[in-house]
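Below is one structure, written out as structure tokens; the observations come after it.
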Amino acid sequence: MQPEELLAYIKNILLSLAKLDNIKLVNLEKLAVIKPKLEEYGDWATNAALIYAKQFRSNPKNLAEKIVEKLLENSKIDKIDVAGPGFLNIRLKKQARSSVVENILQQKEDFGKSQILQNENINLEFVSANPTGPLHIGGTRWAAVGDSLGNLLLSQGAKVVKEYYFNDHGAQIDNFVNSIIAKYYGKPLPEDGYDGQYIVDLADKIMPEFQNKPQAEIYEQVRARAVELMFEQIKQSLHTFGTNFDVFFHENSLYKTGQVEKAIEELNSRGFIYEKDSALWLKTSEFGDDKDRVLRKSNEQWSYFAADVAYYKNKRERGFKTCVYMLGIDHHGYIGRLQAAAKAYGDNEENIKFLIGQFVNIIKDGKAVKLSKRAGNIITLDNLIATVGVDAARYSLIRSSVNTPIDLDLDLIVLHTNENPVYYVQYAYARCCNVVKNAYALDNILPKKIQAREFDLSFLQKSSEKDLLTTLALYPSILEIAAKKYEIHRVARYLEDLARKYHAFYSHLRVLPNTKSEIEPIHIARLALNNATAQILKNGLSLLGVSAPERM
RNA sequence: GCGCCCGUGGCUCAAUGGAUAGAGCGUUUGACUACGGAUCAAAAGGUUGGGGGUUCGAAUCCCUUCGGGCGCGCCA
């Protein structure tokens with residue numbers, strides 16, 4: 001019996017008890033089945049009595065006894081203790097404990113998937129860096145986290161679109177293009193211009209065909225060409241990093257199709273727009289923003305914010321129920337105004353969400369590297385991949401909560417040691433695969449028995465075996481929690497835990513008999529456990545976009 | 001000044017309001033002439049920045065204070 005099944009069972013007991021007493025239970029989502037602190041407590045524990053005692057106008061001990069009485073009617077449950085303030089520690093019967101292995105072997109890559117988010121239609125927007133230079137480390141955190149989070153949400157039944165907002169409109173681009181032209185003719189760069197080897201490379205690539213023509217004539221063509229090349233390079237870097245977007249949305253399209261005017265006209269008809277100092281303002285302060293924001297500047301041009309508003313409107317009109325913005329901490333000031341714009345359209349919190357990623361500090365030679373465009377020491381995504389590899393880079397960025405700043409020590413990540421636990425997890429998988437390979441070599445009856453489910457898992461009674469079983473059973477609930485909270489790092493942490501349990505199991509016990517001994521039922525049971533572990537490691541790593549190598 | 005985020009062993013980080021706050025690195029000590037030692041077993045190391053409060057129960061929620069990061073344009 002897996003924890004989800006137990007949870008559903010307990011929930012039903014609570015509801016029927018409540019019905020008897022004519023009570024309507026609230027906060028049912030707080031009910032949890034967890035892994036007990038210590039193994040000797042039992043297989044699973046629940047907080048049911050602690051949480052709902054008050055609603056039953058009872059105390060935890062009394063409610064616990066009522067629940068226990070009902071729970072014991074379940075033939076899969078062996079024994080229950082009421083511990084501490086009112087925890088229920090549940091011990092399953094032998095057979096019920098190992099069903100998770102059969103389920104995993106049955107469902108394979110589908111194990112862990114669910115439909116809990118089937119009513120969600122989510123737009124995930126991330127990276128969205130300006131096409132004025134190579135992707136740097138700031139956008140990289142989201143390239144890893146956003147992509148993996150999308151995979152996770154998808155696995156829980158949500159409709160998900162991964163989207164990149166491509167800022168191909170405005171002064172930054174002008175600056176970028178002028179920098180390329182100036183560089184080519186050896187003229188001084190514009191103020192706030194862009195510099196670096198990539199500007200030289202772009203100039204060499206683009207400019208020769210436009211040589212000796214007046215700048216005014218060629219500007220549009222150079223611009224189109226430069227943006228296109230830069231954009232291709234960014235896409236390619238992301239692709240190499242394993243991050244592929246479903247939609248690249250062009251800011252320019254909002255202007256070309258008149259969506260900016262339309263979006264603002266609607267806000268006007270809702271009465272949230274006014275004119276002051278010959279500019280057009282949105283009353284964002286009515287919805288919690290610090291101050292009102294300009295939509296159309298006094299020079300008649302639309303502000304960047306105007307496009308943002310139109311873009312949000314566009315997403316909602318495409319049918320997304322939830323628009324998720326993944327921003328760097330340096331952009332958290334946008335939250336107030338965008339949220340306000342959403343509310344001005346009559347939307348609420350569930351329609352617009354923000355994930356704020358803290359900075360990634362790069363450590364080199366024991367010191368933080370100050371990233372500065374001027375100094376030309378920007379660390380790009382391509383640099384990072386070249387020095388540490390995709391797996392190590394992605395994993396390092398994913399395994400921490402986004403609201404924790406992380407220090408990436410480049411000298412340590414490259415080492416193939418536990419400084420980067422990705423190798424620890426991958427090694428566990430490689431070990432599993434090696435055992436399978438050895439099993440084939442030993443006797444091909446073994447894989448056949450696994451295939452035919454001819455094994456008896458009740459032989460798995462050693463503590464390292466039970467520990468591994470319990471951890472495997474936790475996988476679906478980890479995905480569920482991680483998806484509901486938009487916290488992909490939980491999956492990585494879980495995989496480390498699973499790898500640890502596997503390594504311990506592997507070290508203490510032999511899966512296969514050595515060549516001089518007979519194959520016994522215990523070996524077949526352990527092989528099944530080995531294969532189930534391999535499957536979960538692979539499933540989890542694939543959500544993270546990290547490879548699962550069979551050999552290392 | 002105002003707003004947001006953060007503060008957990010020496011270091012890097014975990015922990016749906018749950019039991020004795022967990023891992024890895026580093027330090028110390030052990031373990032294969034049997035499935036890969038990129039492993040395992042064990043030890044030392046914590047008043048979760050400080051103070052108050054809510055709760056049966058707080059690293060987690062509230063208040064306050066200290067420290068750090070970031071943001072406060074008719075820039076994009």
Side-chain angles (χ1 to χ4, degrees), chain A residues 29-30 32 34 36-38 41 45 47 50-51 53-54 59-60 83-87 89 130 132 167 169-173 175 192 251 276-281 290-291 293-299 301 303-305 307-308 328-336 356-359 361 363 396 399-409 412 415-421 423-424 426-428 430-431 434-439 441-442 464 477 480-481 484-485 487 489-490 492-493 496-497 500 502-517 523 526-527 530 551-552:
Chain A
E29 75 283 353
K30 288 193 174 176
I34 57 170
K37 196 84 185 159
L38 299 173
Y41 288 167
N47 56 2
L50 288 165
I51 291 188
K54 201 169 261 179
N59 63 58
F87 279 103
N89 288 325
N130 286 347
T132 52
N167 305 111
H169 182 97
Q172 299 280 17
I173 302 279
N175 240 333
D192 296 324
E251 180 186 8
K276 192 183 88 180
D277 303 332
S278 60
L280 214 56
W281 298 71
D290 300 337
K291 49 180 250 182
R293 306 288 169 176
V294 168
L295 290 169
R296 199 186 61 217
K297 298 181 269 184
S298 53
N299 67 3
Q301 291 194 333
S303 69
Y304 183 82
F305 179 55
D308 270 344
I329 181 71
D330 52 333
H331 287 79
H332 76 258
Y334 295 168
I335 295 179
I356 299 301
Q358 297 290 317
F359 276 131
N361 300 307
I363 312 289
S396 302
R399 74 185 291 264
S400 296
S401 156
V402 292
N403 50 30
T404 309
I406 41 180
D407 289 348
L408 277 193
D409 191 325
L412 292 180
L415 299 178
H416 285 207
T417 67
N418 280 351
E419 286 293 349
N420 191 335
Y423 300 115
Y424 185 81
Q426 288 182 324
Y427 184 55
R431 269 186 153 175
N434 205 48
V435 169
V436 173
K437 205 180 79 191
N438 292 338
L442 186 66
S464 65
S477 61
E480 180 179 333
I481 293 168
K484 283 182 176 166
K485 296 172 82 80
E487 290 179 349
H489 73 278
R490 288 170 186 273
R493 297 293 174 152
E496 288 170 35
D497 188 39
R500 190 173 306 115
Y502 178 78
H503 284 309
F505 158 76
Y506 180 95
S507 304
H508 290 138
L509 305 165
R510 283 197 59 90
V511 177
L512 303 172
N514 66 39
T515 42
K516 291 165 202 154
S517 317
H523 299 122
R526 283 181 190 154
L527 185 58
N530 175 84
R551 313 170 56 96
M552 295 175 67

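This one's a predicted model, so the numbers in the text were calculated from it and none came from an experiment. Reminder, nothing fancy here: chain letters follow the sequence lines and each chain counts from 1.
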- Task: Check every atom of B:rC56, B:rG37, B:rC74 against the side chain of A:Lys54 and return the nucleotide holding the closest atom.
- Result: B:rC56

- Query: Given atom CD1 of A:Ile406 and atom C1' of B:rG69, what is their separation to the nearest angstrom?
  - Reply: 15 Å

- Whole angstrom is fine here: how far is it from OH in A:Tyr423 over to C1' in B:rG24? 15 Å

Under 3.5 Å, which N/O atoms of the protein pair with N/O atoms of nucleotides 17-22 of chain B?
{"residue": "B:rA19", "atom": "N6", "partner": "A:Asn89", "partner atom": "OD1", "Å": "3.0"}
{"residue": "B:rA19", "atom": "N1", "partner": "A:Asn89", "partner atom": "OD1", "Å": "3.1"}
{"residue": "B:rA19", "atom": "N1", "partner": "A:Asn89", "partner atom": "ND2", "Å": "3.2"}

- Hey, does A:Leu527 reach any base, or is it just sugar-phosphate, or nothing, if we go heavy atoms under 4.0 Å? nothing

- Query: Of the candidate nucleotides B:rC40, B:rA14, B:rG71, which contains the atom at the shortest distance from the side chain of A:Asp330?
  - Reply: B:rG71

- Could you let me know what B:rA44 is paired to, Watson-Crick or G-U wobble, both distances under 3.5 Å, or none if it's on its own? none

- Within the structure shown, what part of the strands sits under 4.0 Å from A:Ala504 by heavy-atom distance: base, sugar-phosphate, or nothing? sugar-phosphate

- Closer than 4.0 Å, any side-chain N/O of A:Arg431 to the OP1 or OP2 of B:rG37? yes

- Nearest-Å distance once atom P is located in both B:rC6 and B:rG45: 30 Å

- Atom P, compared across B:rC32 and B:rG18: separation rounded to whole Å: 42 Å

- Message: I need the CG-P distance between A:Asp497 and B:rA23, as an integer number of Å.
- Response: 9 Å

- Nearest-Å distance, CH2 (A:Trp281) to C1' (B:rC74)? 6 Å

- Task: Report which part of the nucleic acid A:Lys291 touches: base, sugar-phosphate, or nothing (heavy-atom distance under 4.0 Å, all strands).
- Result: sugar-phosphate

- Given atom CG of A:Asn420 and atom P of B:rG26, what is their separation to the nearest angstrom? 14 Å

- Item | Annotated protein contacts, base or backbone, on nucleotides 27-34 of chain B with a non-hydrogen cut-off under 4.0 Å, one of B, S, - each | -------B

- Message: Once you apply a heavy-atom cut-off of 4.0 Å, does A:Asn167 come out as touching a base, just sugar-phosphate, or nothing?
- Response: nothing

- Message: Between B:rG57 and B:rA19, how many Å separate the two P atoms, rounded to a whole number?
- Response: 14 Å

- Query: If you measure from the C1' atom in B:rU60 to the same atom in B:rG49, how many Å do you get, rounded?
  - Reply: 16 Å

- Message: If you compare all heavy atoms of A:Lys297 against all heavy atoms of A:Ser303, which two are closest, and at what distance to 0.1 Å?
- Response: CE-CA, 4.2 Å

- Item | Opposite nucleotide pairing with B:rU55, Watson-Crick or G-U, both atom distances under 3.5 Å | none

- Query: Say you pick atom P in B:rA58 and the same atom in B:rG17; how far apart are they, in whole Å?
  - Reply: 14 Å

- Query: According to the Watson-Crick and G-U wobble definitions, with both distances under 3.5 Å, which nucleotide is paired to B:rA14?
  - Reply: none

- Item | Partner nucleotide of B:rG26 by Watson-Crick or wobble geometry (both distances under 3.5 Å) | none

- Message: At 4.0 Å (heavy atoms only), tell me whether A:Ser278 reaches a base, stays on the sugar-phosphate, or touches nothing.
- Response: nothing

- Message: Given B:rC74, B:rG36, B:rC40, identify the nucleotide with an atom nearest to the side chain of A:Val294.
- Response: B:rC74

- Message: Between the base of B:rC74 and the side chain of A:Ser298, is there a donor and acceptor pair under 3.5 angstrom?
- Response: yes

- How long is the line joining NE2 of A:His489 and P of B:rA23, in whole Å? 17 Å

What N/O pairs connect the protein and nucleotides 2-11 of chain B at under 3.5 Å? Give each pair on its own line.
{"residue": "B:rG3", "atom": "N2", "partner": "A:His332", "partner atom": "NE2", "Å": "2.5"}
{"residue": "B:rC5", "atom": "O2'", "partner": "A:Gln358", "partner atom": "NE2", "Å": "2.6"}

